[in-house]
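Have a look at the structure below before the remarks.
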Amino acid sequence: MTTNLLELEDVTASYGHVQVLYGVSLGLEDGGAVGILGANGAGKTTTLRAISGMVGTGGKITFDGESLVGKRPDQVAQLGIAHVPEGRGTLGHLTVKENLLVGAYQRKNRAEIAADIDYCLDLFPNLAMRISGSAAGLSGGEQQMLAVARGIMARPRLLLLDEASLGLAPSTTRELYDAVARLRQEWSLSMLVVEQNANLAFSLVDSATVLETGRSVLSGPKDELMGRDDIRRAYLGS
Ligand SMILES: Nc1ncnc2c1ncn2[C@@H]1O[C@H](COP(=O)(O)OP(=O)(O)O)[C@@H](O)[C@H]1O
Ligand SMILES: [Mg+2]
């Protein structure tokens, strides 16, 4: 029997007194990639926040056999989970290089950190050209690339990626997703991918789960989901 790297079972979440997740369940194998689909407000971002300890949660969330419920965001990060939030969250007053170093703050080995910075710059050549410039001076696409690069500078085992394509030109989006696919291959990085653009999500993931008003209503392998008329109509525009 294989045990999943990440397992969510009947997860609930609330902002103060307002409950927004009522029962989200999903499993992610080590090295796997799972998509989260759903309309605006369905609870996709909150699901990632629940994993990261950024919102009050109930139910079961385990990572590598350890419960994440009740942990603080820094403790979750320390376990090897990198969260690239909706809206990027790069530090505009710092340079590109400083942002990358912030991502590696828990690491000690300078040679390994330097090698991973080189890797990030190879993955995102745009960032190499702007390494000493302030993050605030980057284009939207470059900021998203920096947000992913900063996340992987922690050498995580799991990447949480929230709406990475939002507001980006198609060519930039493709570049970004190609880089993420490369990370999946070269680092065996596991990932949970929230994406409005389901065609894009399906280019990366093996399976997906669909959320409706805070509940998982359907999950399965991507071929099965893509073969369903209702899913195609709702999320794939055909
Ligand atoms: N900080 C917050 N405080 C209160 N309600 C929130 C907050 N953030 C999101 N919500 C509500 O929670 C629900 C789920 O939101 P969200 O997880 O952001 O959905 P999605 O990412 O799928 O668009 C929505 O009804 C939204 O209005
Ligand atoms: Mg969202």
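Whatever order the structure lists them in is the order used to number ligands and atoms, beginning at 1. Bear in mind that the values here come from a model prediction, so they are computed numbers and not experimental data.
- Close to ligand 1: Asn40, with a non-hydrogen atom less than 4.0 angstrom away.
- When the shell of 6.0 Å around CD of Glu98 is examined, it contains more than 12 heavy atoms from other residues, nucleotides or ligands.
- Near Ala39, the atoms of ligand 1 lying under 4.0 angstrom from a non-hydrogen atom of the residue are 22 (O).
- Numbered from 1 in the order shown, with element, the atoms of ligand 1 that lie under 4.0 Å from a heavy atom of Thr46 read 14 (C), 15 (O), 16 (P), 17 (O).
- Of the possible donor and acceptor atoms, none in the side chain of Thr172 sits under 3.5 Å from a partner among the backbone N and O of Leu168.
- Atom 27 (O) of ligand 1 is not flagged as protein-proximal [any protein heavy atom, distance under 4.0 Å].
- Listed by atom number, the atoms of ligand 1 under 4.0 Å from Thr45 heavy atoms are 17 (O), 18 (O), 20 (P), 21 (O).
- Scanning all heavy atoms of the two residues, the minimum distance from Thr57 to Ala50 falls at CG2-CB, 3.2 Å.
- In terms of heavy atoms, Val148 sits closest to Leu176 at CG2-CD1, 4.3 Å.
- For ligand 1, one of its N or O atoms has an N or O atom of Lys44 under 3.5 Å away.
- Of the protein's non-hydrogen atoms, the one nearest atom 24 (C) of ligand 1 is Gly41 O, 3.7 Å.
- Between the side chain of Glu112 and the main chain of Asn109, no donor-acceptor pair closer than 3.5 Å is present.
- Distances shorter than 2.8 Å separate the Mg ion (ligand 2) from the protein N/O/S atoms Thr45 OG1, Glu86 OE2.
- For the atom pair Asp64 CG and Arg157 CZ, the distance stands at 4.0 Å (nearest 0.5 Å).
- In terms of protein heavy-atom proximity, atom 10 (N) of ligand 1 is nearest to Tyr15 CE1, 3.5 Å.
- With a 6.0 Å radius and a threshold of 12 heavy atoms from other residues, nucleotides or ligands, Gln185 has its CD atom at or below the threshold.
- Residue-level proximity to ligand 1 for Val20 is carried by the side chain, the only part with a heavy atom below 4.0 angstrom.
- Of the charged side-chain nitrogens involved, at least one lies within less than 4.0 Å of a carboxylate oxygen, so that Glu66 and Lys71 count as a salt-bridged pair.
- Of the charged side-chain nitrogens involved, none lies within less than 4.0 Å of a carboxylate oxygen, so that Arg228 and Asp223 do not count as a salt-bridged pair.
- Nearest protein neighbour of atom 19 (O) of ligand 1, counting heavy atoms only, is Gly43 N, 3.2 Å.
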Evaluate the side-chain contact (heavy atoms from CB on, under 4.5 Å) criterion for residues Thr209 and Val24: first the C-alpha distance (whole Å), next the side-chain angles of each, then the deciding distance (0.1 Å), finally the verdict. CA-CA 9 Å; Thr209 185; Val24 174; 5.9 Å; no
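- Distance CZ/Phe124 to CD/Glu142: 11.5 Å, rounded to 0.5 Å.
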